Amino acid sequence: MDTLIIKMLGAKWLSFIKAKTAPRWLVLFADLVVVSFAYFLLAMSDAFASGPSFEPLALLRNWAMVVVVYLILILLTKSYTSIIRLSVIEDLYRVFLVVFFSTLMLIVVNSIAMAWLHEELMRFWSIVIIGAIAFSSLVIERLLIKHIYSVISQVETSRKRVLVLGTSLDSLILANALKSEIGGKYTPVGLLAEKGTTHADSISGFKVYDYDEDSLVNTFVENHIHALIFSHDKVKLVGREYADFFIQNNLRILSLNRVEEFEAEENDKDKDANISTYVKEVQIEDLLGRDPIVLNNTLVRSSVRGSVVLITGACGSIGSEIVRQVASYKAKQIVLVDQAETPMHDLSIEMKASFPEADIVLYMGDVQNYERMEKAFATYRPRFVFHAAAYKHVPMMEINPSEAVLTNVMGTKNIADLALKYDVHKFVMVSTDKAVNPTNVMGCTKRLAEVYTQSLFFDAKQQGKNTQFITTRFGNVLGSNGSVIPLFRKQIAAGGPVTITHPDIIRYFMTIPEACSLVLEAGCMGKGGEIYVFDMGQPVKIYDLATRMISLAGLRPGVDIEIKEVGLRPGEKLYEELLNDKEKTLDSTDNEKIMVAKVRTYDFNTVCDNIDNIITFAAAGNIHDMIKNMKTFIPEYHSNMSEFEDIDREIKEEQEKKAQVPSTPDAEVYYS
């Protein structure tokens, strides 16, 4: 029978069906033809029974009435918008509603005609029978089309066999959609029950397999199963309970990233796209096992809407996402400050396409240039300043320490001073967990920036100034420029090796949208002087991250791709911290994931003296004295795997000598 269907359709019609999904208007037309068929089937039988009394005009009038009523209900229920080859119970329910209410409406119209015109347009039972025939015919139409698509899809031999995770209605919809897809990549051979669930042996023709880790690998091998597919709403479940087992056993897992495919709206431009297009390899970001941070978008929206917002480092990973989110909150004007010409150009094109109504100002300039930055503040008078401009790569800053100071410290000082001078409402600085117990120049410069902005706030507050200075401190950002995950992806694509600095190194991770949402909410929540940290979950071992990424690529760690240890880089430490030894106390906020660190505060004049000295040494290229002053002022800064460890020893020796000198009233000894 299936072979006969294929022969009847012919190659030409098969290619047409494969080429595209039927237009919605064609489905609507076919449904009206089916309704007309039901009407004429009954009308013709009545006509033969009536004999000479048959009235053709009455036949056509009643046909038009039936078609119009059904058309109205089809349009109201949108039953014609469903992709028939994906039809399930919900679509049949829509068909039932069309028939039921059309029958009811025809009965009402007929009753009104009898009351006002004293004429029965159609007999009651004729209307009911037409409805019954129409419902049966519409269902048969859909089943026939589904079967044709199913037969054609089975002819394709290149499709990969998969299991679909879950036995819920959503899982069944996904399995049916993949099975019926023309030109698809996957053939579902069954459903994989979730852990601890009871189920039937089969559901809607799909065999249901138990989640039994002792036999699951054999199930995949014996049935030649390519992968497990699951809908994106199950990513969290997979990451927490299933991912490690599949990765360790080299079983592929795939995610359907777009569930909207199952609800094709009339004007949906993607309705003709293959569902397989939306099946993606699971990304490592999805499997970190950390709940997403939920932030107060209402607070941010009410604060940012209608405000002028200036963002430094606007073209970086963090800065550009802040730009996007601020634009989505309808800021009055967004001033993008950056010195990178090409990224600025690329971002401007993106913003014009994504937010054509946004007022975007492209302002080229270096935060080290006070005069250039002042012109931006004087011209645009921002209400909010988000300071994301910074050098961030630890090894690079170890070999260019003066530039780290001039950008991260002096640049921050410039922007903070201008924010105070021009009465900015809120200044929010993006910091890093590397500022905690820093072991490298970059981390220490960020800690100096934190100290300066916080002490500036308290000093300004005493003078009656209203500008609020706030700091956000978080860990590594997934997918940011130069971060470990993009690096690993490139190395895997190149055939390896994947390089790690140490097998025991661990890091905290968060997504770029989360990081930027944190910055925005902290800026709106803070009153000034706070350093915000937040619950980032459990840290991730970088070695485990590398092995997971290799396995997710369908390769074997240590066999197909080598994992090579290259040693800690200058300034790098095995683990990052969000609090130093003197910051162990946290205050809660309205968001349980966001906390305020109780940090040591500094006298503003002392801070200014030390930072001015450090900047002076940096500008003069006097690296030794610059680093020595940084270590003296930030005593928790101890270099690791760096040439500056010699300065740590130098300071320690001086402190030991100072401790050995007796104090007498006749002599005083001074040490720098």
Side-chain angles (χ1 to χ4, degrees), residues 295-340 343-344 346-367 372-390 411-412 414-431 449 453 457 465-472 474 512-528 530 532:
L295 298 161
N296 190 345
N297 293 332
T298 303
L299 171 64
V300 178
R301 182 176 293 105
S302 61
S303 301
V304 171
R305 189 181 185 92
S307 298
V308 177
V309 180
L310 184 146
I311 302 164
T312 69
C315 300
S317 304
I318 296 294
S320 61
E321 179 62 21
I322 294 175
V323 171
R324 297 181 193 100
Q325 294 192 21
V326 167
S328 71
Y329 292 129
K330 309 295 184 184
K332 178 182 178 181
Q333 189 176 53
I334 310 173
V335 183
L336 279 56
V337 177
D338 207 297
Q339 63 173 333
M344 180 79 87
D346 294 341
L347 183 59
S348 68
I349 293 174
E350 177 193 335
M351 294 305 294
K352 285 178 183 177
S354 302
F355 302 95
E357 74 289 350
D359 184 359
I360 304 293
V361 176
L362 308 178
Y363 194 88
M364 298 295 299
D366 189 338
V367 292
R372 178 64 178 162
M373 292 299 104
E374 182 167 25
K375 185 175 180 180
F377 278 82
T379 302
Y380 302 107
R381 298 283 177 165
R383 175 174 170 80
F384 285 86
V385 171
F386 293 97
H387 179 51
T412 299
N414 287 344
I415 301 300
D417 290 346
L418 289 168
L420 187 64
K421 180 177 179 179
Y422 287 91
D423 297 320
V424 168
H425 177 51
K426 287 182 184 282
F427 171 97
V428 185
M429 189 187 80
V430 176
S431 189
T453 55
F457 166 73
K465 300 293 183 66
N466 296 319
T467 302
Q468 300 169 4
F469 292 87
I470 299 147
T471 296
T472 55
F474 44 78
I512 292 176
E514 283 178 332
C516 298
S517 295
L518 170 66
V519 173
L520 290 172
E521 183 170 345
C524 298
M525 176 195 300
K527 303 301 181 184
E530 302 96 343
Y532 284 101

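Values below: every heavy atom of this structure, side chains too, minus hydrogens, waters and symmetry copies. Since the model is a prediction, treat every value here as computed from it, not as a measurement.
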Enquirer: Please check if the number of heavy atoms outside N466 that lie under 6.0 Å from its CG is greater than 12.
Expert: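 Result for CG/N466: open.
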Enquirer: Please report the shortest heavy-atom distance between A389 and G313, naming the atom on each side.
Expert: CB-N, 3.5 Å
Enquirer: For residues R301 and K330, determine if any side-chain heavy atom of one lies less than 4.5 Å from a side-chain heavy atom of the other.
Expert: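 Of all side-chain heavy-atom pairs linking K330 with R301, none is under 4.5 Å.
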Enquirer: Between R372 (side chain) and M364 (backbone), is there a donor-acceptor pair under 3.5 Å?
Expert: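 Checked: pair present.
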Enquirer: Quick one: pull up CD in E521 and OG in S303 and give me the separation to the nearest 0.5 Å.
Expert: 10.0 Å
Enquirer: What residues, two or more places apart in sequence or in another chain, satisfy salt bridge (charged side-chain N to carboxylate O under 4.0 Å, His left out) together with K352?
Expert: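 Here no residue qualifies.
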Enquirer: Once you round to the nearest 0.5 Å, how far does OG1 of T379 lie from CG of L310?
Expert: 10.5 Å
Enquirer: Using modelled atom types only, decide if a donor and an acceptor are shared between the side chain of T467 and the backbone of V424 within a distance under 3.5 Å.
Expert: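 Flag set: sc T467 to bb V424 pair under 3.5 Å.
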Enquirer: Can you tell me how far the SG atom of C516 sits from the CZ atom of F386, to the nearest 0.5 Å?
Expert: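 Rounded to the nearest 0.5 Å, the SG-CZ separation comes out at 10.0 Å.
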Enquirer: So how far is it from S317 OG to I322 CD1, rounded to the nearest 0.5 Å?
Expert: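 One finds 11.0 Å between OG of S317 and CD1 of I322.
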Enquirer: Measuring from D423:CG to L418:CG, what's the distance to the nearest 0.5 Å?
Expert: 12.0 Å
Enquirer: If every non-hydrogen atom of Y363 is compared with every non-hydrogen atom of A376, which pair is closest and at what distance?
Expert: OH-N, 3.3 Å
Enquirer: Using the side-chain contact (heavy atoms from CB on, under 4.5 Å) rule, take Y329 and L520 through it: C-alpha gap first, then chi angles, then the decisive distance, then the call.
Expert: CA-CA 11 Å; Y329 292 129; L520 290 172; 4.0 Å; yes
Enquirer: Residues two or more places apart in sequence or in another chain: which of them pass ring pair (Phe, Tyr, Trp, His ring centres under 6.0 Å) with F427?
Expert: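 Counting only residues at least two positions away or on another chain, F427 forms a ring pair (Phe, Tyr, Trp, His ring centres under 6.0 Å) with H387, F469.
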Enquirer: Please identify which of these residues, T471, L420, I415, meets the side chain to side chain contact (heavy atoms under 4.5 Å, CB included) condition with T453.
Expert: T471
Enquirer: Does any part of the side chain of K375, heavy atoms only, come nearer than 4.5 Å to the side chain of F377, both counted from C-beta?
Expert: no
Enquirer: Can you measure from CD1 (I318) to OG1 (T472) and round to the nearest 0.5 angstrom?
Expert: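 Nearest 0.5 Å value for the CD1-OG1 distance: 8.5 Å.
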Enquirer: Answer yes or no: is there a side-chain heavy-atom contact under 4.5 Å between V367 and M373?
Expert: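 Result yes, sub-4.5 Å side-chain heavy-atom pair found.
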Enquirer: Any idea which heavy atoms bring Y532 and G526 closest together, and the distance?
Expert: OH-CA, 3.2 Å
Enquirer: Closest approach of E374 and Y422, non-hydrogen atoms and distance?
Expert: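 It is OE2-OH, 2.8 Å.
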Enquirer: Who pairs with K332 by salt bridge (charged side-chain N to carboxylate O under 4.0 Å, His left out), at least two apart in sequence or on another chain?
Expert: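 Not a single residue meets the salt bridge (charged side-chain N to carboxylate O under 4.0 Å, His left out) criterion with K332.
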Enquirer: Quick one, L362 and I360 - any side-chain contact, counting heavy atoms below 4.5 Å?
Expert: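 Yes, close enough: below the 4.5 Å cut-off.
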Enquirer: Using side chain to side chain donor-acceptor pair (under 3.5 Å) as the criterion, list what pairs up with Q468, not counting sequence neighbours.
Expert: K426
Enquirer: How would you list, by chain and number, every residue that makes a side chain to side chain donor-acceptor pair (under 3.5 Å) with E350, sequence neighbours excluded?
Expert: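 Once residues adjacent in sequence are excluded, the partners of E350 under the side chain to side chain donor-acceptor pair (under 3.5 Å) criterion are R324.
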Enquirer: Name the one of V309, D359, V361 that satisfies side chain to side chain contact (heavy atoms under 4.5 Å, CB included) with V335?
Expert: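 The passing option is V361.
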Enquirer: Is there a side-chain contact (heavy atoms from CB on, under 4.5 Å) between Q333 and Y380 once you walk through the steps?
Expert: CA-CA 9 Å; Q333 189 176 53; Y380 302 107; 3.7 Å; yes
Enquirer: Tell me the closest heavy-atom pair linking C315 and A340, and the distance in Å.
Expert: SG-O, 4.4 Å
Enquirer: Looking at side-chain heavy atoms only, is the closest gap between M525 and L299 below 4.5 Å?
Expert: yes
Enquirer: Does D417 have any salt bridge (charged side-chain N to carboxylate O under 4.0 Å, His left out) partners at least two apart in sequence or in another chain, and if so, which?
Expert: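 Residues passing salt bridge (charged side-chain N to carboxylate O under 4.0 Å, His left out) with D417: K413.
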Enquirer: Identify the heavy atoms of T312 and A388 that sit nearest to each other, and give their distance.
Expert: OG1-N, 3.0 Å
